[in-house]
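Here is the structure we will look at, set down as structure tokens.
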Amino acid sequence: NIVLNGAQIAFGPDGYLYVSIGDDKLGDTTYTYHAQDLNYLNGKLLRIDINKTPYGIPTDNPFVGLKNARPEIWAFGFRKLWRFSFDSASHQLFGADVGELNQEEVNIVNKGGNYGWPIKEGDSSFENSTPGVQTTFVAPIHAYSHKDGICIIGGNIYYGKGIPPLAKKYFFADFNGNLFALSKDSKDVWNKQGLKILNRPADPFLICGTGVDENNELMVLGMLNTKDGIKGAIYRVVKN
């Protein structure tokens, strides 16, 4: 099986290694989407044990022992889970799945969940020609159109002390340089707010990733498109 589009690797709070692998065409018009096919690793989030050679399969992975399914798979139905992170308090896994034409999405990723690609893109339909695929999928907690961004990057639940208005919210970025926060209201609905950036760099800043430092304060990293060429940059996010 051909595996395309590696995105992120990270250890979970359970000590296992999580690996996200994409499922987009990359300009190949002959490519067939595999995110709904459990025989392939494309369009999946994997969970493996690196304490074995070459690696082991955790016995509680959801597709262990299932015919025609790769046992490494933890969840599926993603286009490109570019960045994911674990809430350090609840251990929930938040994943940012990059869309193709219309929408970007944030998911809470659960064991064995099917997140819809390529049948679904965010809250919208994408492709209806995949035969034999279930029609019930895990919905994103938030999806936004390309009026608000072009490529979701992902982020972290904020537990730092420097920006109290963001406490326990999901802070995330878009490739175009915009920053957002998601928070859950009393009806368990996640709502997005744009974050105003007061001191943007003079050159266009394209965000490729986010993270936190040793004090759980927020960082963004990416590329500055300067007159002298592309330069890497890391910024700390602070309250005005």
Side-chain angles (χ1 to χ4, degrees), residues 1-10 12 17-48 70 72-86 92-110 112-127 129-130 133 137-156 170-180 182 192 206-211 220-223:
N1 294 346
I2 298 175
V3 177
L4 298 175
N5 296 328
Q8 182 183 356
I9 60 174
L17 185 65
Y18 290 73
V19 182
S20 60
I21 298 176
D23 188 43
D24 67 76
K25 292 184 176 182
L26 284 176
D28 180 2
T29 58
T30 66
Y31 179 76
T32 300
Y33 295 120
H34 295 301
Q36 294 296 317
D37 188 341
L38 296 177
N39 286 291
Y40 289 82
L41 300 182
N42 309 60
K44 312 298 192 299
L45 179 67
L46 315 181
R47 178 177 181 253
I48 59 175
R70 294 289 296 265
E72 298 97 330
I73 297 170
W74 181 253
F76 65 109
F78 303 108
R79 181 180 177 271
K80 181 175 278 189
L81 203 61
W82 175 247
R83 289 294 180 267
F84 58 87
S85 62
F86 293 89
Q92 283 185 313
L93 197 167
F94 286 78
D97 196 15
V98 176
E100 180 147 324
L101 296 178
N102 299 307
Q103 290 191 323
E104 310 297 309
E105 65 184 272
V106 179
N107 298 289
I108 293 179
V109 181
N110 296 313
N114 182 351
Y115 292 82
W117 177 261
I119 313 303
K120 301 285 289 183
E121 181 192 36
D123 291 325
S124 63
S125 297
F126 182 79
E127 181 180 278
S129 60
T130 303
V133 173
F137 306 109
V138 181
I141 62 171
H142 181 73
Y144 64 92
S145 75
H146 287 174
K147 293 179 180 179
D148 290 339
I150 56 176
C151 177
I152 192 168
I153 295 303
N156 305 82
Y170 178 70
F171 166 89
F172 70 99
D174 190 275
F175 183 63
N176 68 359
N178 289 334
L179 303 176
F180 305 96
L182 281 181
K192 177 167 80 16
L206 302 176
I207 299 176
C208 300
T210 67
V220 294
L221 60 151
M223 302 174 292

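In this chain, residues are counted from 1 in sequence order.
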Give the intermediate values and the outcome of side-chain hydrogen bond (donor to acceptor under 3.5 Å, both in side chains) for residues Tyr31 and Asp24. CA-CA 8 Å; Tyr31 179 76; Asp24 67 76; over 6 Å; no
Would you call Ser20 and Phe78 a side-chain contact if the rule is heavy atoms closer than 4.5 Å? no
Rounded to the nearest 0.5 Å, what's the gap from CD on Gln8 to CD1 on Ile21? Could you check? 12.5 Å
Could you report the tightest heavy-atom contact between Lys120 and Phe137, atom names first, then the distance? CG-CD1, 3.6 Å
Hey, what do you get for CZ (Phe172) to CZ (Phe180), rounding to the nearest 0.5 Å? 6.0 Å
Are Phe86 and Tyr18 near enough that their ring centres are under 6.0 Å apart? yes
Are the side chains of Pro140 and Val106 in touch, meaning some heavy atoms are under 4.5 Å apart? no
Could you check whether any side-chain N or O of Asn42 sits under 3.5 Å from a backbone N or O of Ala35, counting only pairs where one atom can act as donor and the other as acceptor? no
Distance col, row Ile141:CD1 vs Leu182:CG, nearest 0.5 angstrom, shows 5.5 Å
All pairs passing side-chain hydrogen bond (donor to acceptor under 3.5 Å, both in side chains) where residues 74-85 contributes a residue, at least two apart: Arg79-Glu100
Note: Leu101 and Glu121 closest approach over all heavy atoms is N-OE2, 2.7 Å
Does any non-hydrogen side-chain atom of Asp148 lie less than 4.5 Å from one of Asn178? no
CG/Leu206 to CG/Asn176 distance, rounded to the nearest 0.5 angstrom? 8.5 Å
Taking the side chain as every heavy atom from C-beta outward, state whether Leu46 and Ile73 have any atom pair closer than 4.5 Å. yes
Any idea which heavy atoms bring Asn114 and Gly77 closest together, and the distance? OD1-CA, 3.8 Å
Looking at every heavy atom in both Glu104 and Ile150, which two are closest together, and how far apart are they? OE2-O, 3.5 Å
Please work out which of the three classes, parallel, tilted or perpendicular, describes the rings of Tyr170 and Phe94, given edges at 30° and 60°. parallel
Heavy atoms, side chains only, cut-off 4.5 Å: are Val109 and Phe84 in contact? no
Of all the heavy-atom pairs spanning Trp117 and Asp23, show the shortest one and how long it is. NE1-O, 3.2 Å
Roughly how far apart are Ile152 CD1 and Gln103 CD, rounded to 0.5 Å? 11.0 Å
Decide yes or no on side-chain contact (heavy atoms from CB on, under 4.5 Å) for Leu41 and Val19, but give the supporting numbers first. CA-CA 10 Å; Leu41 300 182; Val19 182; over 6 Å; no
Anything under 30° is parallel, anything over 60° is perpendicular, the rest tilted; go ahead and classify His34 against Tyr40. parallel
In Å, rounded to the nearest 0.5 Å, how long is the span from CZ of Arg70 to CG of Asp37? 11.0 Å
State, with a plain yes or no, whether a side-chain heavy atom of Tyr115 is found less than 4.5 Å away from one of Asn110. yes
Just by modelled atom types, is the Ala143 backbone N or O under 3.5 Å from a matching donor or acceptor in the Glu105 side chain? no
Positive for side chain to side chain contact (heavy atoms under 4.5 Å, CB included) with Phe175, one of Val98, Ile153, Ile207: Ile153
